[in-house]
*Asks:* 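For reference, the structure I am asking about is given below.
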Amino acid sequence: MSERRFNPAAADGRWQAAWDKAESFKAGQRPGAPKSYVLEMFPYPSGRIHMGHVRNYSMGDVLARFRRMQGHDVLHPMGWDAFGMPAENAAMEKKVHPGGWTRSNIASMKAQLKRLGFALDWSRELATCEPDYYGQEQALFIDLYEAGLVYRKESAVNWDPVDMTVLANEQVIDGRGWRSGALVEKRKLSQWFLKITEFADELLDGLDTLESWPEKVRVMQENWIGKSVGLQFSFKLDAPVGEIDSLEVFSTRPDTIFGASFAAIAADHPIALALAETDEALASFAEECRRTGTAAAEIETQEKKGYDTGLSVIHPFDPTWKMPLFVANFVLMDYGTGAVMGVPAHDQRDLDFARKYMLPVERVVAASGDEAKPVHNEAYVGPGKLVNSRFLDGMTVEAAKAEVIRRAEAEGWGKGTTVWRLRDWGVSRQRYWGTPIPFIHCESCGVVPVPKKDLPVVLPEDVTFDVPGNPLDRHPTWKHVDCPSCGKPARRETDTLDTFVDSSWYFIRFASQPSDKPFDRAEAESWLPVGQYIGGIEHAILHLLYARFWTRALQHIGMIGMAEPFASLFTQGMVTHETYFSTDQSGRTTWYSPEEVVLEGGTAKTRAGNMPIEIGRVIKMSKSKKNVVDPDEIIERYGADAVRWFMLSDSPPERDLAWSEAGIEGAWRFVNRIWRLLGDVDGSATGEDKALDRKLHQTIDGVAKDIEALSFNKAVAKLYELTNAIEKAKPSASRTNAIRTLPLLVAPMTPHLAEEAWAEMGREGLIADAMWPAVDPALLVEDEVTIAIQVMGKLRDTITVAKGTDKATLESLALAAPNAARALDGATPKKVIVVPDRLVNLVI
RNA sequence: GCGGAUGUGGCGAAAUGGUAGACGCAGCGGACUCAAAAUCCGCCGUAGCAAUACAUGUCGGUUCGAGUCCGACCAUCCGCACCA
């Protein structure tokens, strides 16, 4: 074979330019064709593309290109989740404007994506930091406000007194601000909220309709929403605490109310706070409770502790029945009512507590036969009938729950309630680089939305970051406006929206982007819901839940006719890499990047100093462990197709993919193998090669099915098999045909190579516009099959027969097979199992 | 603790209840070459000269036949969590 090497340096750019010029991937160009919306989660413009992006977008690209080859009208867009903290941090550290920093990052990342040859409709590119996007978001926010789904409320936030800003929970480390190191304070601020809890039930029920979502994500959302059905009721106190004379509690087990032996409240409960004013011991106990962290390990080892207030609560069904009231470290103020009734026999936590403080433990639910058995150290949480429970005795748990709720409601001391873990979504951020919240505060009119004609409320450009705090708030003029309602001087809202709002509707804006409104309903509905959404598992809860909520909210106000934005979700695995490190005498670890390391037969040493170093675990690529490989350098060396091919081969897409030098080398070898093969067309060869014809059609069929199922690694394996078969085949018309078909089969994965070959073969047009080859069903089946011959289920021999050979013939052939006869050792089978075209099993 | 997933050669992995390990990586042997790279041919689960035996986390079960189905357990990863 001739010396022939694929030259990506020339080919990649040539075909990327050709696709641009032909507008090959522009959506909406195939009227009447089935529509496919393929979307990968849009990136934050941090500055550089990383391998995780490359893997994510390679997968989506294969699907998008394949759908085009099936004749679909494909929407495959790209944009930028461009607001957020890192731009402001860069502004503070590097004295650049967040806008300039972000836009230049977008430019360089876009160039990187282009170099990978993704089939994206760049005409729909959007960045959430541009007024034409966030202005429409402001309009939607006002619409939701007018529909009563947006409100303002005082709420406690993490306040960093040095940086003068609100911090997210994730930015508070050991009670201190992550940047300033200052002790974080709890502050009450007036914040904007979205009423996601109004849709809690719908969001929960909707999960059942999302059959093409990973079970894992659905479960995570279900837990996050956290629905608990039960009874909220009040205990009377035996003595009032100030003005308070009763205690509200919530229980999912009202049926066990006659098993209650204490009540407990959180350290921050109003009753506890009131008592602590005159009770120093309680005050210090409460302080201890607050200090305890919420880290998993701490909770695990945390002992259940309580402080007896000396007060009692009175049983709602029996005014003579008093139970002690404790302040307990395991009761959370921000769940339910911050107070619980303790039923030790049927709740493990209550049981532990009761044993410690010598409280009664009485069984009130029993499985049949267990009625008289006392509960020892394990609470009984199973089903059964009520015992020791007066009028509830003999009822099932379910019936007893209903009965208690019925009586509580009739007697007026309680109500059947549902409690959710899900909280309303606080969207206020005291930040500059975000969507301005389009409201004006007027002393006479209150909170007034900015009139739609005055949108967008644009961020001022002339801001400074040399002092802490919100630049919008200290801007000399920006916030001073007249009230749109009464015309008097008023104050603009200076908070901006959480960036998760920006990503809650970008997929709709991709589908339709008129300049005068957020989207056109009919056009958006023609593409949505997204047919295949691909992204990382890290967005399983927040982004995916917010987007589901936002879509439902838009449906609620009549702007769109669907509840669920993503019909099918796929969460891909991470890109990982070996780590390299050395440890010095003082135990300090130094990490080395892959290019600083030379690998030799399972050992590693530094390139510079030949110093032996250790090979660590294979973990997600991260800057701190220095196990990062920059896509640009790899594209430079091997071209886009080899990178794409490697990203799709080896590991199943939902699992982690370990990047390795050997792996990318292998992908590069394959690209060249195909390339050499494509140059080996012998147009004059004649004759039929039935086996190769079959292999070709089985591959066309199999690869299509694998791509549909996102099983890219299997599609890759099938293409290797076909390549092997073509290489081994003798020249024939069949072989020539197979080689001429091959570019089409690899086109979704290695599009530049495919175009180059297509052109070289003198085929018409771009392969980007070509159709996936048709399958001849007759060629999918073999005419000869290998039959396994088993004796007692163990393989002893094989025979090759015509497909469809009848059972009797197979049986006699099997008995005659020499190795089978030897295994039988003269015995006569007492049973023969024949599975046509598969096997014969001789049972003795 | 609860929930979800995973467990198959040296490694990444395939396998409608029907020939376990396709395909790739690494490795080994050979060809070409002055030599190297590239490429090509062959071998490659373990033990054994071989016949064969043993092999899909462990232990049981169902079946003519189990990586696959059922039951118990073990390990690893991920998520959530004093959620009343």
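Each chain gets a letter, A, B and so on, in the order the sequences are listed, and its residues count up from 1.
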*Asks:* If you find the nucleotide of RNA chain B closest to E215(A) and the one closest to K728(A), which residue's nucleotide is nearer the 5' end?
*Replies:*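 Per heavy-atom nearest nucleotide, the more 5' residue is E215(A).
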*Asks:* If the P atom of G61(B) is compared with that of C49(B), how far apart are they to the nearest Å?
*Replies:* 35 Å
*Asks:* Any salt bridge between D334(A) and R423(A), counting N to O under 4.0 Å?
*Replies:* no
*Asks:* How far does the C1' atom of U68(B) sit from the matching atom of U6(B), given to the nearest Å?
*Replies:* 15 Å
*Asks:* For nucleotides A14(B) and G45(B), find the distance between their C1' atoms and express it as a whole number of Å.
*Replies:*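 Per the computed distance, 15 Å lies between those C1' atoms.
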*Asks:* If I pick the P atom on C82(B) and the same atom on A72(B), what distance separates them, to the nearest angstrom?
*Replies:* 29 Å
*Asks:* Of all the heavy-atom pairs spanning I789(A) and A820(A), show the shortest one and how long it is.
*Replies:*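 The pair with the smallest heavy-atom distance is CG2-CB, 3.7 Å.
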*Asks:* For K625(A), which residues count as a salt bridge (Lys or Arg N to Asp or Glu O under 4.0 Å) partner, sequence neighbours excluded?
*Replies:*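 Scan of K625(A) (salt bridge (Lys or Arg N to Asp or Glu O under 4.0 Å), adjacent residues dropped) gives none.
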*Asks:* If I take atom CH2 in residue W668(A) and atom C1' in nucleotide U39(B), what distance separates them, rounded to the nearest angstrom?
*Replies:*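 Rounded to the whole Å, the gap is 14 Å.
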*Asks:* Would you list the protein and nucleotides 51-56 of chain B atom pairs, both N or O, that sit under 3.5 Å from each other?
*Replies:*
unit_1, atom_1, unit_2, atom_2, d
A53(B), OP1, R796(A), NH2, 3.3
A53(B), OP2, R796(A), NH1, 3.3
C54(B), OP2, K794(A), NZ, 3.3

*Asks:* Choosing from G4(B), C83(B), A84(B), which nucleotide comes nearest the side chain of R421(A)?
*Replies:*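 Shortest atom-to-atom distance from the side chain points to C83(B).
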*Asks:* Output yes when R694(A) and E784(A) qualify as a salt bridge under the 4.0 Å nitrogen-oxygen rule, no when they do not.
*Replies:*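 Salt bridge absent between R694(A) and E784(A).
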*Asks:* Nearest whole Å is fine: how far is A84(B) P from E248(A) CD?
*Replies:* 18 Å
*Asks:* Atom CD of E661(A) to atom C1' of A26(B): distance rounded to whole Å?
*Replies:*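 One finds 14 Å between C1' of A26(B) and CD of E661(A), rounded.
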*Asks:* Would E398(A) and K401(A) pass as an ion pair if we require N to O under 4.0 Å?
*Replies:* yes
*Asks:* For K415(A), what residues pass the salt bridge (Lys or Arg N to Asp or Glu O under 4.0 Å) criterion, not counting sequence neighbours?
*Replies:*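 K415(A) satisfies salt bridge (Lys or Arg N to Asp or Glu O under 4.0 Å) with no residue once adjacent residues are dropped.
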*Asks:* K216(A) NZ to U6(B) C1': how many Å, rounded?
*Replies:*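 In whole Å, U6(B) C1' lies 10 Å from K216(A) NZ.
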*Asks:* Name all residues meeting the side-chain hydrogen bond (donor to acceptor under 3.5 Å, both in side chains) criterion together with N724(A); count only those two or more places apart in sequence or in a different chain, and write none if there are none.
*Replies:*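 side-chain hydrogen bond (donor to acceptor under 3.5 Å, both in side chains) list for N724(A), sorted by chain: R673(A).
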*Asks:* Below 3.5 Å is the cut-off: list the nitrogen or oxygen pairs between protein and nucleotides 30-33 of chain B, distance only.
*Replies:*
none

*Asks:* Could you list the donor-acceptor pairs under 3.5 angstrom formed by side chains in residues 642-653 of chain A, with sequence neighbours left out?
*Replies:*
unit_1, atom_1, unit_2, atom_2, d
R644(A), NE, M749(A), O, 2.9
R644(A), NH1, D61(A), OD2, 3.0
R644(A), NH1, L116(A), O, 3.0
R644(A), NH1, G117(A), O, 3.3
R644(A), NH2, D61(A), OD2, 2.7
R644(A), NH2, P748(A), O, 3.1
W645(A), NE1, Y720(A), OH, 3.4
S649(A), OG, W645(A), O, 3.1
S649(A), OG, F646(A), O, 3.2
S651(A), OG, D656(A), O, 3.1

*Asks:* Take atom CG of D350(A) and atom P of C83(B), then tell me their distance rounded to the nearest Å.
*Replies:* 10 Å
*Asks:* Between protein and nucleotides 12-25 of chain B, map the contacts as a letter string: B base, S sugar-phosphate only, - none, heavy atoms under 4.0 Å, written 5' to 3'.
*Replies:* BSSSB-BB--BSSS
*Asks:* Atom CH2 of W224(A) and atom C1' of G4(B): how far apart are they, to the nearest Å?
*Replies:*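 So the CH2-C1' distance, W224(A) to G4(B), works out to 17 Å.
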*Asks:* Is G9(B) syn or anti, taking syn as a glycosidic angle within 90° of 0?
*Replies:* syn
*Asks:* So, is the end of the R421(A) side chain (NZ or CZ) under 6.0 Å from the ring centre of Y335(A) and within 45° of the ring's axis?
*Replies:* no
*Asks:* Is a salt bridge present between K227(A) and D201(A), judged by a nitrogen-to-oxygen distance below 4.0 Å?
*Replies:*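 The answer is yes: the pair qualifies as a salt bridge.
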*Asks:* Using only modelled atom types and a 3.5 angstrom limit, is any donor from either the side chain of K831(A) or the base of C64(B) paired with an acceptor on the other?
*Replies:*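 Side chain to base: no pair below 3.5 Å.
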*Asks:* Among residues two or more places apart or on two chains, list those pairs meeting salt bridge (Lys or Arg N to Asp or Glu O under 4.0 Å) that have a residue in residues 804-817 of chain A.
*Replies:*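 Applying salt bridge (Lys or Arg N to Asp or Glu O under 4.0 Å) to every pair that reaches into residues 804-817 of chain A, excluding sequence neighbours, yields nothing.
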*Asks:* Search all heavy atoms of L719(A) against all heavy atoms of T723(A) and return the closest pair with its distance.
*Replies:*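 Looking at all heavy atoms of both residues, the closest pair is O-OG1, 2.6 Å.
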*Asks:* Considering only the P atoms, how many Å lie between U19(B) and A66(B), rounded to the nearest integer?
*Replies:*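 Nearest-Å result for U19(B) against A66(B) at atom P: 12 Å.
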*Asks:* Taking the nucleotide of RNA chain B with the nearest heavy atom to each, does G338(A) or M220(A) sit closer to the 5' end?
*Replies:* M220(A)
*Asks:* How close do V404(A) and P254(A) get, counting heavy atoms only, and between which atoms?
*Replies:* CG2-O, 3.6 Å
*Asks:* Can you name the residues that form a salt bridge (Lys or Arg N to Asp or Glu O under 4.0 Å) with R218(A), not counting sequence neighbours?
*Replies:* E215(A)
*Asks:* For atom P, what is the distance between G60(B) and C54(B), given to the nearest Å?
*Replies:* 15 Å
*Asks:* In dot-bracket notation, what is the pairing pattern of RNA chain B, taking Watson-Crick (N1-N3 plus N6-O4 or O6-N4) and G-U wobble (N1-O2 and O6-N3) contacts under 3.5 Å, with [ ] crossing and | for other strands?
*Replies:* (((((((..(((.....[....))).(((((.......))))).(((....)))..(((((..]....))))))))))))....
*Asks:* Classify the nucleic acid contact of V249(A) as base, sugar-phosphate or nothing, counting any heavy atom under 4.0 Å across all strands shown.
*Replies:* nothing
*Asks:* A84(B) C1' sits how many Å from F233(A) CZ, rounded?
*Replies:* 10 Å
*Asks:* Work out how far the C1' atom of A20(B) is from that of A55(B), and round it to whole angstrom.
*Replies:*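 Straight-line distance between the two C1' atoms is 9 Å.
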*Asks:* Could you tell me how far A50(B) sits from A35(B) if I compare only their P atoms? Round to whole Å.
*Replies:* 35 Å
*Asks:* Which pairs pass salt bridge (Lys or Arg N to Asp or Glu O under 4.0 Å) with one or both residues in residues 828-844 of chain A, sequence neighbours excluded?
*Replies:* K803(A)-D837(A)
*Asks:* Roughly, in whole Å, what's the span from CD in E578(A) to C1' in G10(B)?
*Replies:*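 Whole-Å distance recorded here is 13 Å.
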*Asks:* Tell me the salt bridge (Lys or Arg N to Asp or Glu O under 4.0 Å) pairs involving residues 251-269 of chain A, sequence neighbours left out?
*Replies:* R253(A)-D255(A), D268(A)-R290(A)
